[in-house]
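Data first, discussion second: the structure below is written as structure tokens.
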Amino acid sequence: MVVVVDTVSATPLRPRHPEKVNRPDAFSPPKPDWIRVRAPNTRGYADTRKIVKENGLVTVCEEAGCPNIGECWDKKHATFMIMGDTCTRACAFCNVKTGMPGALDALEPEHVAEATFKLGLAHIVITSVDRDDLADGGAEHFAQTIRAIRARCPTTTIEILPPHFLRKDGALEVVVAAKPDVFNHNLETVPSHYLNVRPGARYFHSVRLLQRVKEIDPAIFTKSGIMVGLGEERHEVLQVMDDLRSADVDFLTIGQYLQPTRKHHAVMRYVPPDEFSGYEKVAYTKGFLMVSASPLTRSSHHAGDDFARLRAARAARCR
Ligand code: SF4
């Protein structure tokens with residue numbers, strides 16, 4: 001298991017990913033036209049940024065360098081990242097800072113709830129860094145954040161993307177008891193790539209985590225996603241779909257992997273849009289209630305609209 005523990009306190013010169021500093025550079029092919037997005041410079045973007053900063057919040061939109069930030073923030077849709085900006089894992093695809101995180105901010109749940117209120121969000125997505133240093137992996141903090149949003153914004157639906165809580169017995173149950181509307185946990189890649197891409201995680205643990213959510217509370221929607229372009233084979237993607245359906249997962253997202261820096265995993269291939277459409281068609285035939293597959297699909301992209309469609313799809317199937 002790769003767990004990064006930075007015993008040296010943060011300095012301005014500290015690298016963002018100390019564990020990757022000595023890796024050789026990995027080169028990706030140039031981006032095709034279908035990946036390019038417009039620079040974020042709208043009034044809506046500026047307003048969202050102001051609310052995020054005023055409440056001292058961290059967003060995965062910024063930390064992960066998401067290409068959709070201009071579009072999402074213009075619509076006042078941001079994905080908050082709780083429990084700090086420093087992750088105890090070292091995934092090969094992720095741009096979130098790694099090292100030893102600080103103490104939890106006890107007021108953060110209230111601040112997230114306040115920002116949700118100010119942004120007027122009908123649907124909020126909350127994710128977090130991985131917190132292997134905490135006994136419960138941050139489960140209680142997640143639950144408190146859900147409860148704070150419910151209290152401040154009773155009509156807002158809540159989608160969470162928690163970590164996998166590997167070796168954190170009882171943590172999942174604490175989060176599920178807080179009753180998020182959507183429990184999203186990304187598999188990120190196919191199982192054969194876990195050792196290189198997601199070394200601190202275990203593929204079948206993540207599948208089982210999603211399955212447990214449904215066993216505990218079948219009313220909660222479950223969602224998962226992978227990135228393509230990391231060197232996976234088509235048959236492996238189809239196997240992931242089958243594994244997720246076995247775990248009764250409702251919603252699948254598939255997007256193109258983009259390399260944050262040359263020290264991260266290279267893009268092996270830019271998957272053309274028609275291949276994404278093909279994956280989407282196959283996934284629907286396998287029984288997912290909702291599928292989003294496109295080069296710029298991210299698990300929180302259009303999450304509000306997608307949640308409404310997800311709810312409608314379940315209602316239609318139950319008729
Ligand atoms: S897709 Fe998600 S992470 Fe990216 S900008 Fe939109 S809300 Fe943020």
Side-chain angles (χ1 to χ4, degrees), residues 31 34-53 55 57-85 87 91 93-97 112 115-116 118-130 142 145 149 153 156-163 180-188 221 223-229 251-261 264 267 273 276 280 290-310:
K31 282 183 192 162
W34 64 75
I35 289 292
R36 301 196 187 281
V37 289
R38 264 186 281 157
N41 57 3
T42 62
R43 176 71 189 271
Y45 171 86
D47 290 347
T48 302
R49 192 166 190 283
K50 188 163 175 275
I51 292 171
V52 167
K53 300 301 165 199
N55 285 278
L57 298 172
V58 178
T59 67
V60 75
C61 319
E62 292 171 293
E63 297 299 317
C66 182
N68 299 322
I69 193 166
E71 180 200 336
C72 290
W73 283 29
D74 184 46
K75 295 178 191 153
K76 296 212 163 78
H77 172 55
T79 294
F80 299 122
M81 193 170 81
I82 59 173
M83 302 196 279
D85 65 356
C87 186
C91 296
F93 63 88
C94 185
N95 198 37
V96 172
K97 191 162 77 179
V112 171
T116 306
K118 283 186 180 156
L119 288 165
L121 295 177
H123 185 82
I124 175 77
V125 185
I126 311 286
T127 188
S128 78
V129 289
D130 215 295
F142 246 108
T145 304
I149 297 167
C153 314
T156 299
T157 47
I158 303 171
E159 175 166 339
I160 58 163
L161 274 129
D181 296 279
V182 182
F183 188 105
N184 184 350
H185 177 66
N186 289 329
L187 294 184
E188 311 290 8
F221 289 96
K223 178 172 173 181
S224 186
I226 59 165
M227 301 167 287
V228 289
F251 188 170
L252 172 69
T253 58
I254 306 178
Q256 169 70 51
Y257 166 65
L258 298 175
Q259 184 188 34
T261 75
H264 287 79
V267 173
F276 281 99
E280 186 171 305
M290 275 276 304
V291 183
S292 175
S294 75
L296 290 175
T297 289
R298 298 294 181 267
S299 48
S300 49
H301 196 205
H302 302 151
D305 294 343
D306 284 349
F307 178 69
R309 291 166 61 205
L310 189 60

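Since the model is a prediction, treat every value here as computed from it, not as a measurement. One-based numbering, in listed order, for ligands and for the atoms of each.
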Starting from [atom], what is the nearest protein heavy atom, named by residue and atom, and what distance separates them?
{"atom": "atom 4 (Fe) of ligand 1", "result": "Cys66 SG, 2.2 Å"}
{"atom": "atom 2 (Fe) of ligand 1", "result": "Ser300 OG, 2.1 Å"}
{"atom": "atom 8 (Fe) of ligand 1", "result": "Cys61 SG, 2.3 Å"}

* Backbone or side-chain N/O/S of Cys72 under 2.8 Å of atom 6 (Fe) of ligand 1 ->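 Under 2.8 Å: Cys72 contacts atom 6 (Fe) of ligand 1 through an N, O or S atom.
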
Tell me if a side-chain donor or acceptor on [X] pairs with a main-chain N or O of [Y] at a distance below 3.5 Å.
{"X": "Ser128", "Y": "Met83", "value": "no"}
{"X": "Gln259", "Y": "Val267", "value": "no"}
{"X": "Asp181", "Y": "Ile158", "value": "yes"}
{"X": "Ser300", "Y": "Ala303", "value": "no"}

Where ligand 1 meets [X] - atom numbers and elements under 4.0 angstrom, heavy-atom basis:
{"X": "Ile69", "result": "5 (S)"}
{"X": "Asn68", "result": "1 (S), 5 (S)"}
{"X": "Val60", "result": "3 (S)"}

* Asked: Which distance, rounded to the nearest 0.5 Å, do you find between the CG of Leu121 and the OG1 of Thr116?
  ->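 OG1 of Thr116 is found 5.5 Å from CG of Leu121.
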
* Under 4.0 Å between a Lys/Arg side-chain N and an Asp/Glu carboxylate O for Arg43 and Asp47? ->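 Salt bridge between Arg43 and Asp47, a charged N being under 4.0 Å from a carboxylate O: yes.
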
* Just wondering, is there an N, O or S atom on Thr79 that's nearer than 2.8 Å to atom 2 (Fe) of ligand 1? ->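 It does not: Thr79 brings no N, O or S atom closer than 2.8 Å to atom 2 (Fe) of ligand 1.
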
* Asked: ligand 1 versus Arg298, non-hydrogen atoms closer than 4.0 Å: side chain, backbone, both, neither?
  ->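 For Arg298, only side-chain atoms sit under 4.0 Å from ligand 1.
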
* Side chains of Thr79 and Thr127: do they bring a donor and an acceptor to under 3.5 Å? ->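 Their side chains do not contain a donor-acceptor pair, so the 3.5 Å distance test is not met.
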
